[in-house]
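Given the structure is predicted, the values throughout are model-derived calculations rather than measurements.
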Amino acid sequence: MVLLFEAIVFTRYAFSKQSREAVLHQLFLTGIKSLGVITVVAVFTGMILALQTGLELRRFGQEVNIGTAVTVVMLREMGPFMTGLIIAASVGSAIAAQLGTMVVSEEVAALEIMSINPVRFLVMPRLVALAIMMPILTIYTNIIGIVGGAIVGYTQLGVSLTAYFDNATQYAENKELYVGLLKALLFGLIITAVSCHQGFATTEGAVGVGRATRKTVIISFLTILVVGYMVTRLFYK
């Protein structure tokens, strides 16, 4: 937590001349590099939600309402949740491995000798990138997931695209989107804090780097699950 708060303090320098290039590079790695896997996961998440929900609703002749079900679940829970897991597994593990390698090769110590704060130089750009990109990627995941649900509704459940999107936009509230984006922001902070902490705590050379990477993914997954539940419980009593 101390590491996270210190990095937040340094965010005022995020787009200064010295830090701008590092932040933009991290935005590229976090956002553009992750689009492929996020697209595949998002479309199949929406398709699975639509299929499973639609099959049950069909028993009551209400399959037309799958648009509402898919949209609400994607906005409120599955969009930020799936995005968080993907980013934790790809970006978070990469951050831990990179920082861990720098620690065991004494590059971090060299920064300190040169009076360069490692938190400002290494952690802050990653924090800013994840805080910005997680909500954006979550919106992208939501859109792709809802479209994936529409494809299943039209091809397998006989729900017209007009009826699907009418239900999707008519009954889903803005609150669902805002709660989902709040979760995405929190997940970004969690991934940054866990991955950077594990990276800086690396010992024992290459073995330690592998251990830090594994612990980053496990701790991030578990924390995302718990925090996601707590946020939902807070806003939907």
Subject >> Working for side chain to side chain contact (heavy atoms under 4.5 Å, CB included), residues Phe200 and Met102 >> reply: CA-CA 8 Å; Phe200 283 141; Met102 294 180 70; over 6 Å; no

Quick check: closest heavy atoms across [X] and [Y], and the distance to 0.1 Å?
{"X": "Phe221", "Y": "Ala88", "answer": "CE1-CB, 3.9 Å"}
{"X": "Gly92", "Y": "Ser195", "answer": "O-CB, 3.2 Å"}
{"X": "Gln198", "Y": "Thr202", "answer": "O-OG1, 3.0 Å"}
{"X": "Ser220", "Y": "Val194", "answer": "OG-CG1, 3.6 Å"}

What's the separation between atom [atom1] in [X] and atom [atom2] in [Y], rounded to the nearest 0.5 Å?
{"X": "Thr45", "Y": "Met82", "atom1": "OG1", "atom2": "CE", "result": "4.0 Å"}
{"X": "Phe10", "Y": "Arg120", "atom1": "CZ", "atom2": "CZ", "result": "7.0 Å"}
{"X": "Gln170", "Y": "Asn65", "atom1": "CD", "atom2": "CG", "result": "9.5 Å"}

Original post:
Are any side-chain N or O atoms of Thr11 and backbone N or O atoms of Ile8, one a donor and one an acceptor, separated by less than 3.5 Å?
Top reply: yes

Original post:
Any sub-3.5 Å donor-acceptor pair from Thr68's side-chain atoms to Asn167's backbone N or O?
Top reply: yes

Could you tell me whether the side chain of [Y] reaches within less than 4.5 Å of the side chain of [X], counting heavy atoms only?
{"X": "Lys183", "Y": "Thr232", "answer": "yes"}
{"X": "Leu181", "Y": "Pro80", "answer": "no"}
{"X": "Thr30", "Y": "Lys33", "answer": "no"}

Shared-cluster residues of [X], by chain and number - hydrophobic side chains joined below 4.5 Å:
{"X": "Val226", "answer": "Tyr229, Met230"}
{"X": "Leu222", "answer": "Ile218"}
{"X": "Val209", "answer": "Val104"}

**OP:** For Gln52, check side-chain hydrogen bond (donor to acceptor under 3.5 Å, both in side chains) against everything at least two apart and list the hits.
**Re:** none

Donor-acceptor list for residues 126-152 side chains, cut-off 3.5 Å, not counting sequence neighbours:
from	atom 1	to	atom 2	distance (Å)
Arg126	NH1	Leu122	O	2.5
Arg126	NH2	Gln98	OE1	2.7
Thr138	OG1	Met134	O	2.7
Tyr140	OH	Thr39	OG1	2.6
Thr141	OG1	Thr83	OG1	2.9
Thr141	OG1	Leu137	O	2.9
Asn142	ND2	Thr138	O	3.2

Subject >> salt bridge (charged side-chain N to carboxylate O under 4.0 Å, His left out) contacts in which one or both residues fall within residues 194-212, not counting sequence neighbours >> reply: Glu204-Arg211

Subject >> CA sep, side-chain torsions, deciding dist, call: Val91, Leu29, side chain to side chain contact (heavy atoms under 4.5 Å, CB included) >> reply: CA-CA 8 Å; Val91 178; Leu29 293 179; over 6 Å; no

**OP:** Begin with the C-alpha distance, continue with both residues' side-chain angles, and end with the deciding distance and a verdict on side chain to side chain donor-acceptor pair (under 3.5 Å) for Glu176 and Tyr236.
**Re:** CA-CA 10 Å; Glu176 322 292 351; Tyr236 297 94; 2.8 Å; yes

**OP:** Give the C-alpha distance, both sets of side-chain angles, the deciding distance and a yes or no for side chain to side chain contact (heavy atoms under 4.5 Å, CB included) between Ile87 and Ser34.
**Re:** CA-CA 8 Å; Ile87 296 300; Ser34 304; 3.6 Å; yes

